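Because the structure is a prediction, the values reported are computed rather than measured. In what follows, every heavy atom counts, from backbone to side chain, and hydrogens, waters and symmetry copies are set aside. In this chain, numbering begins with 1 at the start of the sequence shown.
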Amino acid sequence: MDTVEAVVTQIQGLSGGSGDVSLLHTLLRQADDLLHTESTRLAPFLDQLDPSIHSLGYLYLLEACTSTPILKEQANQLVVSIASFINNCAAEQIRLAPDKFVILCKRLKDQVILLEAPMRGVAPMLTAVRKLQSSSELLTALHPEFLLLCLLAKCYKTGLRILEDDIFEVDQPRDFFLYCYYGGMICIGQKRFRKALELLHNVVTAPMSTVNAIAVEAYKKYGLVSLIHNGQFSATFPKYASSVAQRNLKNFSQPYLDLANSYSSGKISELEKCIQTNREKFEADKNLGLVKQVVSSMYKRNIQRLTQTYLTLSLQDIASTVQLNGPKEAEMHVLQMIQDGEIFATINQKDGMVSFQEDPEQYKTCEMIEHVDSSIQRIMALSKKLTVMDELLSCDPLYLAKAGRERQRFDFDDYDTVPQKFNI
């Protein structure tokens with residue numbers, strides 16, 4: 001095909017059956033250079049195509065059409081065009097050219113950021129993720145792009161929608177690192193610290209041949225969230241973490257390790273002194289907000305310790321013991337902890353006394369039984385999935401070849417002991 005007109009004719013004629021679309025894909029790959037050469041005159045041809053019917057051809061033309069530098073004045077129309085295509089295209093066709101689709105969606109992200117309107121890209125990018133996925137277990141190159149837009153637009157709840165999926169298939173390590181890092185930040189924004197720890201932990205312990213900036217920043221946040229959620233942070237890496245992470249990540253995170261050591265003392269004065277010493281570093285890393293939450297969590301931990309010793313205590317005594325400014329501030333902390341379910345207590349406003357109580361949950365309500373049952377079902381499904389993955393890995397030629405090279409050629413234990421003397 002030597003002309004754009006011929007390409008459009010083929011698109012219109014071969015966008016029907018699956019066999020025709022496969023042939024069309026081959027022709028479009030051959031015509032890709034032509035389309036990029038003629039990129040400045042492709043816009044009128046898009047009007048001759050229906051994105052819901054001619055999705056594959058429309059994708060090739062739109063990607064070529066948007067490959068040239070875009071002026072800020074043109075960015076708005078470009079965003080509209082790409083978003084409209086994403087909403088109307090046929091998933092089975094765009095999956096034939098995933099690289100083209102990813103490039104186009106990343107241009108959408110770049111343009112909404114240029115326009116300082118990341119919110120405009122959130123809904124189309126979520127649609128793009130779902131259409132590109134052949135399964136909810138697959139991590140695509142668009143997952144981190146979508147989460148980044150959610151962060152910039154502060155649409156944390158929307159970002160949580162894809163973080164609820166269990167991911168088992170990953171193509172590119174960088175996509176996995178960014179997905180978990182951005183996902184961890186979204187969970188922090190929603191104060192879902194348990195899920196944030198899980199995602200950041202995945203970054204820190206993922207296989208890596210060289211240390212990368214994503215893992216370094218994730219390790220810093222992982223330490224802070226550990227202090228907030230668990231009240232402690234262990235600098236010891238699990239055995240399955242890469243040797244690169246174990247050797248290098250601590251070297252880039254010394255102020256955060258110092259903060260964890262100060263936190264373990266349980267003394268607010270030491271913690272605040274450490275924060276003041278490293279304040280510029282925390283600000284440069286944009287982690288000062290998390291650091292302030294670490295301070296708040298220490299007050300909570302110290303109040304929780306009091307519940308293990310006393311049945312009743314005055315707000316003034318709580319303020320003095322925990323080093324708060326006065327009974328009013330102590331009351332605010334206790335009320336917030338009661339609301340969050342972190343302690344069980346009542347406050348007598350008349351005499352300013354706090355009565356600590358046992359957890360009222362009896363773990364026999366219908367809701368609790370349903371929760372336990374759903375957790376068991378999920379663990380059973382995960383166990384089956386791991387068994388299947390283990391079987392597939394044990395049969396993988398690349399894995400077997402690598403395992404064979406690393407194993408000793410002869411293993412003495414593989415052979416039975418041979419007697420040195422035979423008696424006949």
Undergrad: Just list the side-chain donor-acceptor pairs under 3.5 Å for residues 204-216, sequence neighbours left out, or say none.
TA:
{"residue": "Thr205", "atom": "OG1", "partner": "His201", "partner atom": "O", "Å": "2.7"}
{"residue": "Asn212", "atom": "OD1", "partner": "Ile214", "partner atom": "N", "Å": "3.1"}
{"residue": "Asn212", "atom": "OD1", "partner": "Ala215", "partner atom": "N", "Å": "2.8"}

Undergrad: Could you tell me which residues satisfy side chain to side chain donor-acceptor pair (under 3.5 Å) with Glu329, sequence neighbours excluded, listed by chain and number?
TA: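 Checked Glu329 against side chain to side chain donor-acceptor pair (under 3.5 Å); matches are Asn325.
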Undergrad: Does any pair with a residue in residues 220-248 pass salt bridge (Lys or Arg N to Asp or Glu O under 4.0 Å), and if so which ones, sequence neighbours excluded?
TA: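 Non-adjacent pairs meeting salt bridge (Lys or Arg N to Asp or Glu O under 4.0 Å): Glu217-Lys220, Lys220-Asp285.
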Undergrad: Does anything in residues 254-274 pair up under salt bridge (Lys or Arg N to Asp or Glu O under 4.0 Å), and if so which pairs, sequence neighbours excluded?
TA: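 Qualifying pairs, neighbours excluded: none.
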Undergrad: Show me, pair by pair, the donor-acceptor contacts under 3.5 angstrom made by side chains of residues 101-115, not counting sequence neighbours?
TA:
{"residue": "Arg107", "atom": "NH1", "partner": "Glu63", "partner atom": "O", "Å": "2.7"}
{"residue": "Arg107", "atom": "NH1", "partner": "Glu63", "partner atom": "OE2", "Å": "3.3"}
{"residue": "Arg107", "atom": "NH1", "partner": "Thr66", "partner atom": "OG1", "Å": "2.9"}
{"residue": "Arg107", "atom": "NH2", "partner": "Glu63", "partner atom": "OE2", "Å": "3.1"}
{"residue": "Lys109", "atom": "NZ", "partner": "Glu145", "partner atom": "OE1", "Å": "2.9"}

Undergrad: Could you list the residues that satisfy ring pair (Phe, Tyr, Trp, His ring centres under 6.0 Å) with Tyr219, not counting sequence neighbours?
TA: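 Residues passing ring pair (Phe, Tyr, Trp, His ring centres under 6.0 Å) with Tyr219: Phe233, Phe237.
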Undergrad: Provide the full list of salt bridge (Lys or Arg N to Asp or Glu O under 4.0 Å) pairs with a residue in residues 112-141, sequence neighbours left out, each pair given once.
TA: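 Residue pairs with at least one partner in residues 112-141: Arg130-Asp165, Glu137-Lys385.
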Undergrad: Sorted by first residue and then second, give each salt bridge (Lys or Arg N to Asp or Glu O under 4.0 Å) pair with at least one member in residues 27-39; sequence neighbours left out.
TA: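 For residues 27-39, and leaving out neighbouring residues, the salt bridge (Lys or Arg N to Asp or Glu O under 4.0 Å) pairs sorted by first residue read Asp32-Lys100, Glu38-Arg41.
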Undergrad: Tell me every residue that passes ring pair (Phe, Tyr, Trp, His ring centres under 6.0 Å) with His25, counting only those two or more places apart in sequence or in another chain.
TA: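 His25: no ring pair (Phe, Tyr, Trp, His ring centres under 6.0 Å) contacts found.
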Undergrad: Quick one: list whatever passes ring pair (Phe, Tyr, Trp, His ring centres under 6.0 Å) with His143, sequence neighbours left out.
TA: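 In terms of ring pair (Phe, Tyr, Trp, His ring centres under 6.0 Å), with neighbours along the sequence ignored, His143 is linked to Tyr179.
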Undergrad: In a table with atom names and distances, give each donor-acceptor pair under 3.5 Å that connects a side chain of residues 42-53 to protein atoms at least two apart or in another chain.
TA:
{"residue": "Asp50", "atom": "OD1", "partner": "Ser52", "partner atom": "N", "Å": "3.0"}
{"residue": "Asp50", "atom": "OD1", "partner": "Ser52", "partner atom": "OG", "Å": "2.7"}
{"residue": "Asp50", "atom": "OD2", "partner": "Ser52", "partner atom": "OG", "Å": "3.4"}

Undergrad: Could you pull out every donor-acceptor pair under 3.5 Å between side chains of residues 182-196 and any protein atom, sequence neighbours left out?
TA:
{"residue": "Lys191", "atom": "NZ", "partner": "Gln293", "partner atom": "OE1", "Å": "3.0"}
{"residue": "Lys195", "atom": "NZ", "partner": "Leu163", "partner atom": "O", "Å": "3.4"}
{"residue": "Lys195", "atom": "NZ", "partner": "Glu198", "partner atom": "OE2", "Å": "3.4"}

